[in-house]
Structures are given as structure tokens and as C-alpha cells.
Amino acid sequence: MFLSRFKRIVLGEPLATLQAHNERIPKWKALSTLSSDALSSVAYATDSILLVLAASMAVPGVMAWSIPIAIGITVLLAVITASYRQTIAAYPNGGGAYVVVKDNLGVNAGLLAGGALLIDYVLTVSVSVSSGVENLAAAFPMLAPHKVGFGLFVILIIMFMNLRGIRESATIFSFPTYFFIFSIFTLLGVGFYRAAFGPPMIVAGGYQDLMHVNYAAVPAILVLRAFASGCSALTGVEAISDGVAVFKQPAAQNARTTLVWMSVILGSMFLGLTSLAHVLRLTPSEDQPLISLLGRAVFDNGVLFYAMQAS
């Protein structure tokens, strides 16, 4: 009895199937809820590219490859977005990897795709949360010994919020999501302005390699590995196609529109962060993620830096 009452307090009353239509959400809430895993990937995608390229730092100009790699990933994002827009049109009630593959290639292929997607979602939670905790620890070093415990606490909060239902979780998740988007674009705007017009930025964690007109000759496998690692920026793009049923009517059209919004925001943030890192010649490390390095350089350890890390 106590557990049942506690469950109702924490998770709320269960919803009957007939009430499901009341849980549908508008586009701006769906963007924050269904795109949060994709948008949060910019906190570690550029890091993944630069850490691979940094293995060959002895080759002059190798870090310049981050720009064409980022452009290639952004083009791939556009292709995937166009593909999922077609999927939403063909499956207006929701068509994720399992449904689409099962219908077109058979049950076994569908189970394989669905299983891969489940693993991807587990990894998305762990990588996104750990990336956020790493950025907090970079700003507040006293958190460093407690990163694992703090990360588990954050995952529990996310779990409970999701279990309360899509409408409530969408309202709650919209605040941190839009705060994060605003923070990233503020970082990019101020960063590029200061890079172009000053005052000069004090860069910690930078390398001395100058920008090169000609890209360094490096093994193709290195570029391909950096490209594959950077494709973590595409994580979660399929979530909107999976969740068409949560949109207000016309659900399919709203989902297609939201998918484009998400892709434009994601692509702009990813390309912007990669380009700014290239301009400032920054390389992340285990203790200092790229966003932390950019924030310190752009905001000079001021209040905006700590707001950026919190976002």
C-alpha cells in the first residue's frame, strides 16, 4: 500500500488509453523533448573528431581536417533528415527503425535494427549525461571525485521525469534544452565576434599549428576514423520519426517541420563549435572538454562561462 501510494505521488496517476489524446504536445515542446539527445551530442561530437586527429599532431596541419570532416557529417545529417521526412510521410502514426525495417525487410531484420537502436539509446543516455557531468566538473573541480554518483543521480531524475508522461516531461525538459541552445549560440556569437574584432582571447589548451591552405597528407584511415567518431553528432535524429504520435494534429506535418528545425539547430551548433575550435586551435583533453575550453576563452571565466557549463 505504501509503495503504491508513493508511486502515485512520484509518477502521478496512470492514464487510460482514451486519455492519450490529451497528452499530445505542440512543436516547440516536442523539439525540446524528442531532440534533446540529438542536440546534446554537440557537447561531445567535435571532441571525438579532434581527439582522433590529435593522435597525429606531429603532422603539421592535421587538425585542419576537422573542418571538411564536420562539413561531411553535416551533409550526412541533411541526407538523413530528408530520409526521415519521407519516413514520417509514409508512416504518419510513427515509423522508427524497427517498424520500417520489419515492413520492408522482414521480422528478423526489424529485430536486428530495433535491438541496435535500443543499445544506441542506452549509450546516448550514458554518453550525454557523462559529457554534461564532465563539463560541470571542468567548471567546478570539487565535483570531480563524485562524477559517477552525480551522473547516476541525473539519470534517475531523467527517468522519473519521463515516467510522469510526455506532456509533463516535455514542459520540464523544455527549460534546460532551450537554455542549452541559447547558451551555445551565445558562445558562438561572442566567440566569432571576439575572434574577428577583439579583444584577444586567452586560449588554454591550444596548439601552435597555423591554419593551412593545403591539408596535411595523413592516412585515409585516420580521416575515416575521425569521421566515424564525429558521427556521434547524428545520435537521436530518428526520435522524432519514432514519436509522431505525441504531436498535436496534424501530427505528421508537425513532426516533419520539427525534424527540420532540429536538424538546422543541430547542424549550426556542430559546425559552429568545430569552426570556432579551429579558429582558436583548441584540442580537448580528458579533464577539459571542448565546450569548457571554448567557454573559458570566450567568456574569460566570467558568469557566462559558468552558465554555459551548467547548461
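One is the number of the first residue; the rest follow in order along the sequence.
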Next item on the list: Using a 4.5 Å cut-off on heavy atoms from C-beta on, say whether the side chain of S130 contacts that of Y44.
Entry: no

Check: Is there a side chain to side chain donor-acceptor pair (under 3.5 Å) between S36 and T177 once you walk through the steps?
Finding: CA-CA 6 Å; S36 57; T177 302; 5.1 Å; no

Item checked: Flag, side chain of S128 to backbone of T124, donor-acceptor distance under 3.5 Å -> yes

Next item on the list: Enter the distance from L123:CG to D37:CG here, rounded to the nearest 0.5 Å.
Entry: 12.5 Å

Margin query: Given L51, which partner from the list S285, S229, P284 fulfils the side chain to side chain contact (heavy atoms under 4.5 Å, CB included) test?
Written below: P284

Checklist line | Within-4.5 Å side-chain heavy-atom neighbours: I73 and I49 | finding: yes

Notebook entry, point to check: Are T186 and F299 close enough that some pair of their side-chain heavy atoms sits under 4.5 Å apart?
Noted result: yes

Checklist line | Where A45 and A233 come nearest, the two heavy atoms and their spacing | finding: CB-CB, 3.5 Å

Check: Hey, is the main chain of A116 close enough, under 3.5 Å, to the side chain of D120 for a donor-acceptor pair?
Finding: no

Next item on the list: Verify whether one side chain among Y91 and Q86 offers a donor that lies under 3.5 Å from an acceptor in the other.
Entry: no

Next item on the list: In sequence, state the C-alpha distance, the side-chain angles, and the governing distance for L136 and F150, and then conclude on side-chain contact (heavy atoms from CB on, under 4.5 Å).
Entry: CA-CA 10 Å; L136 269 182; F150 188 69; 3.6 Å; yes

Notebook entry, point to check: How long is the span from the CG atom in L276 to the CZ atom in R194, to the nearest 0.5 Å?
Noted result: 11.0 Å

Margin query: Return the CD to CG distance between E134 and D47, rounded to the nearest 0.5 Å.
Written below: 10.0 Å

Notebook entry, point to check: Any luck finding a side-chain donor-acceptor pair between S241 and T87 under 3.5 Å?
Noted result: no

Margin query: One pair to check against side-chain contact (heavy atoms from CB on, under 4.5 Å): V42 and L266. What are the steps and the verdict?
Written below: CA-CA 7 Å; V42 301; L266 172 58; 3.5 Å; yes

Margin query: Minimum heavy-atom separation for I291 and A43, please, with both atom names.
Written below: CD1-CA, 3.7 Å

Next item on the list: For the residue pair S232 and S48, establish whether any side-chain heavy-atom pair is separated by less than 4.5 Å.
Entry: yes

Next item on the list: Would you please test S32 and S174 for side chain to side chain donor-acceptor pair (under 3.5 Å) and show each step?
Entry: CA-CA 5 Å; S32 65; S174 63; 4.7 Å; no

Notebook entry, point to check: Same cluster or not: are Y193 and V190 linked, directly or through other Ile, Leu, Val, Met, Phe, Trp or Tyr residues, by side-chain heavy atoms under 4.5 angstrom apart?
Noted result: no

Margin query: Just to verify, which of L34, L77, T257, I240 counts as forming a side chain to side chain contact (heavy atoms under 4.5 Å, CB included) with M262?
Written below: I240

Margin query: Does F153 have more than 12 heavy atoms from other residues, nucleotides or ligands lying within 6.0 Å of its CZ?
Written below: no

Notebook entry, point to check: Does the separation of the ring centres of F140 and Y306 fall below 6.0 angstrom?
Noted result: yes

Notebook entry, point to check: Minimum heavy-atom separation for L143 to A137, with atom names?
Noted result: CB-CA, 4.3 Å

Check: Below 4.5 Å, heavy atoms only, C-beta onward: do L187 and L304 meet side chain to side chain?
Finding: no

Check: Going through the checks in order, is the side chain to side chain donor-acceptor pair (under 3.5 Å) test met by S66 and T274?
Finding: CA-CA 7 Å; S66 62; T274 307; over 6 Å; no

Next item on the list: Mark yes or no for whether S268, through its side chain, and V264, through its backbone, hold a donor-acceptor pair below 3.5 Å.
Entry: yes

Next item on the list: Could you tell me which non-hydrogen atom of A138 sits nearest to which non-hydrogen atom of D287, and how far apart they are?
Entry: CB-O, 3.8 Å

Next item on the list: State yes or no: do V279 and L290 share one hydrophobic cluster built from I, L, V, M, F, W and Y residues joined by side-chain heavy-atom distances below 4.5 Å, directly or via other members?
Entry: yes

Check: Hey, any chance F175 and F185 share a hydrophobic cluster, counting ILVMFWY side chains that come within less than 4.5 Å of each other, even indirectly?
Finding: no

Next item on the list: Could you tell me whether a side-chain N or O of R24 sits under 3.5 Å from a main-chain N or O of F247, the two making a donor and an acceptor?
Entry: yes

Check: At what distance, to the nearest 0.5 angstrom, does CG of N135 lie from OG of S131?
Finding: 5.0 Å

Check: Given side chains that start at C-beta, do those of N162 and F173 come closer than 4.5 Å, heavy atoms only?
Finding: yes

Check: If you group Ile, Leu, Val, Met, Phe, Trp and Tyr by side-chain heavy-atom gaps below 4.5 Å, do L111 and V99 land in one group?
Finding: yes

Next item on the list: Measure the spacing between CD1 of I80 and SG of C231 and express it to the nearest 0.5 Å.
Entry: 7.5 Å

Note to self: Please give me the minimum heavy-atom distance between L259 and T81, naming the atom from each residue.
What the structure shows: CD2-O, 3.5 Å

Next item on the list: Say whether V237 and V101 are linked into one hydrophobic cluster, either directly or through other cluster members, by side-chain heavy-atom distances under 4.5 angstrom.
Entry: no

Item checked: Spacing of CZ belonging to F227 relative to CG belonging to L76, to within rounding of 0.5 Å -> 5.0 Å

Next item on the list: Go through the steps for L39 and Y178 under the test side-chain contact (heavy atoms from CB on, under 4.5 Å), then give the verdict.
Entry: CA-CA 10 Å; L39 298 178; Y178 285 113; over 6 Å; no

Note to self: Could you report the tightest heavy-atom contact between I158 and V129, atom names first, then the distance?
What the structure shows: CD1-CG2, 4.0 Å

Next item on the list: Please lay out, stage by stage, how I184 and M308 fare under the test side-chain contact (heavy atoms from CB on, under 4.5 Å).
Entry: CA-CA 7 Å; I184 292 291; M308 174 76 255; 3.5 Å; yes

Notebook entry, point to check: Do D242 and L117 have side-chain heavy atoms sitting under 4.5 Å apart?
Noted result: yes

